[in-house]
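Here the structure comes first, spelled out in structure tokens, and everything after it is commentary.
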Amino acid sequence: ALLDVKGNGISIDLRTESQAAADFIRNNITGLYSGISECGYKLVNVNYAIISGPAVPTEHEKLLLSKVNHSHAKIDYRI
């Protein structure tokens, strides 16, 4: 998952290896929305994607760089 926090808004890009996992998250997203709201944030966008298998570290780096558009953003990620 990739979280983008801007002000008090949070966007999430979820990448799962199965449709069943994506459906489970989609069906239970209200609990996540409530928890985020209790912390003073708002869940503004959730994107779901199904991937064919585990990604290699270089693919993670490409994904992160494409999300920040090479701006002066701070990225915190662990592989």
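Quick caveat: nothing in here was measured; it's all calculated off a predicted structure.
Between Ile10 and Ile36 there is a side-chain heavy-atom pair separated by less than 4.5 Å. Counting heavy atoms from C-beta on, the side chains of Ile25 and Leu14 come closer than 4.5 Å. Proximity of Leu43 to Ile29: side-chain heavy atoms (C-beta onward) are separated by under 4.5 Å at one or more points. Using a 4.5 Å heavy-atom threshold, the side chains of Thr16 and Ile50 count as touching. In this structure, the side chains of Leu32 and Asn28 stay at 4.5 Å or more apart for every pair of heavy atoms.
Scanning both residues, Val44 and Gly9, for their nearest heavy atoms gives CG1-CA, 4.1 Å.
Taking OH from Tyr48 and CG from Asp13, the interatomic distance works out to 11.0 Å, rounded to the nearest 0.5 Å. Once rounded to the nearest 0.5 Å, the distance linking CG of Asp4 with CD1 of Ile12 reads 10.5 Å. How far NZ of Lys6 is from OG of Ser11: 7.0 Å, rounded to the nearest 0.5 Å.
When the shell of 6.0 Å around OH of Tyr41 is examined, it contains 12 or fewer heavy atoms from other residues, nucleotides or ligands.
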